[in-house]
Amino acid sequence: MSIVIRPAKTSDIKKIREIVSNFIEERRLLAKETVTLYETVQEFSVAEVDGEVVGCGALHVLWEDLAEVRTVAVKKDYHGKGIGHLILENIIDRAKVVGVKRIFCLTFETKFFGSHGFNEIQGTPVEPDVYTQLLRSYDDGIAEFLELESVKPNTLGNTRMLKIL
């Protein structure tokens with residue numbers, strides 16, 4: 001089995017949608033409109049096995065030193081083969097390249113992210129002036145990071161985790 005992790009292309013979005021749909025139905029990933037996937041295609045990496053896209057994950061920059069890991073998912077037939085780990089390592093490497101010093105995630109998969117050095121956090125680990133700037137964003141991920149009441153019904157049971165690079 002040959003696994004390749006590469007930047008996503010617009011032609012991958014339909015497959016990404018297919019992979020994440022099951023996890024959305026199970027309420028393990030937050031739903032994203034297809035148009036949002038296209039708008040953020042440059043944030044995504046995909047995993048290919050023998051030319052087939054079987055997994056994905058995204059890096060979304062929130063601030064100068066902070067980014068979020070988003071939409072890490074692997075087709076169920078390929079669970080347990082290390083593909084999710086390769087995707088997350090790729091995202092961590094990309095975060096370092098763009099100059100991010102901390103990576104945040106909101107997840108049910110605490111063991112998985114913990115194995116990559118993520119730790120549970122409480123509160124919002126940014127300075128008050130940055131918090132004020134982040135409040136101006138329309139991005140749901142930033143609202144999740146800030147623990148705003150408007151998104152709490154969508155994130156019940158998720159754990160907030162952070163990795164220092």
Measure across Ala67 and Val100 and return the closest heavy-atom pair with its distance rounded to 0.1 Å. N-CG1, 3.6 Å

For residues Phe118 and Ile103, report the shortest heavy-atom separation together with the two atoms involved. CE2-O, 3.4 Å

Worked check of side-chain contact (heavy atoms from CB on, under 4.5 Å) between Ile3 and Val54: CA-CA 9 Å; Ile3 303 167; Val54 299; over 6 Å; no

Give the intermediate values and the outcome of side-chain contact (heavy atoms from CB on, under 4.5 Å) for residues Arg94 and Val98. CA-CA 6 Å; Arg94 287 178 43 224; Val98 299; 5.8 Å; no

Can you tell if the side chain of Cys56 reaches within under 4.5 Å of the side chain of Lys15, non-hydrogen atoms only? no

CD of Glu64 to NZ of Lys101, rounded to nearest 0.5 Å, is 9.0 Å

Matching residue for Met161 among Thr110, Val69, Ile121, Leu106 - test: side-chain contact (heavy atoms from CB on, under 4.5 Å): Thr110

As an exercise, state the distance from NE2 of His60 to CZ of Phe104, rounded to the nearest 0.5 Å. 11.0 Å

Heavy atoms of Ile5 and Ser45 approach each other most closely as CG2-CB, 4.2 Å

For Glu26, does the CD atom have more than 12 heavy-atom neighbours from other residues, nucleotides or ligands under 6.0 Å away? yes

State yes or no: do Ile92 and Val61 share one hydrophobic cluster built from I, L, V, M, F, W and Y residues joined by side-chain heavy-atom distances below 4.5 Å, directly or via other members? yes

Considering only heavy atoms from C-beta outward, does the side chain of Glu109 approach that of Arg28 to under 4.5 Å? yes

In terms of hydrophobic clustering (I, L, V, M, F, W, Y; side-chain heavy atoms under 4.5 Å; direct or indirect links), are Ile24 and Val74 co-clustered? no

Should Lys163 and Leu165 count as side-chain neighbours, where that means a heavy-atom distance under 4.5 Å? yes

dist Gln42:CD -> Leu59:CG (nearest 0.5 Å) comes out at 11.0 Å

What one should report as the nearest heavy-atom pair of Ile19 and Ala73 is CG2-CB, 3.9 Å

Could you state the interatomic distance from CZ (Arg160) to CG (Asn119), rounded to the nearest 0.5 Å? 13.5 Å

NZ/Lys76: more than 12 non-hydrogen atoms of other groups inside 6.0 Å: yes

Could you walk me through whether Ile87 and Ile91 pass the side-chain contact (heavy atoms from CB on, under 4.5 Å) check? CA-CA 6 Å; Ile87 291 168; Ile91 291 169; 4.0 Å; yes

Below 4.5 Å, heavy atoms only, C-beta onward: do Val41 and Ile16 meet side chain to side chain? no

Rounded to the nearest 0.5 Å, how far apart are OG1 of Thr34 and NZ of Lys14? 10.0 Å

State yes or no: do Ile83 and Val46 share one hydrophobic cluster built from I, L, V, M, F, W and Y residues joined by side-chain heavy-atom distances below 4.5 Å, directly or via other members? no

Take atom CD in Glu52; do more than 12 heavy atoms of anything else shown fall under 6.0 Å from it? yes

To the closest 0.5 Å, what do you measure between CZ (Phe108) and CG (Leu29)? 9.5 Å

Taking all atoms of both residues into account, what is the closest heavy-atom pair of Thr107 and Cys105, and its distance? CG2-SG, 3.9 Å

Would you call the rings of Phe23 and His79 parallel, tilted or perpendicular, taking 30° and 60° as the class edges? parallel

Tell me, do Lys81 and Leu86 make a side-chain contact under 4.5 Å, heavy atoms counted? no

Shortest non-hydrogen separation from Asp12 to Pro7 and the atoms involved: OD2-O, 4.4 Å

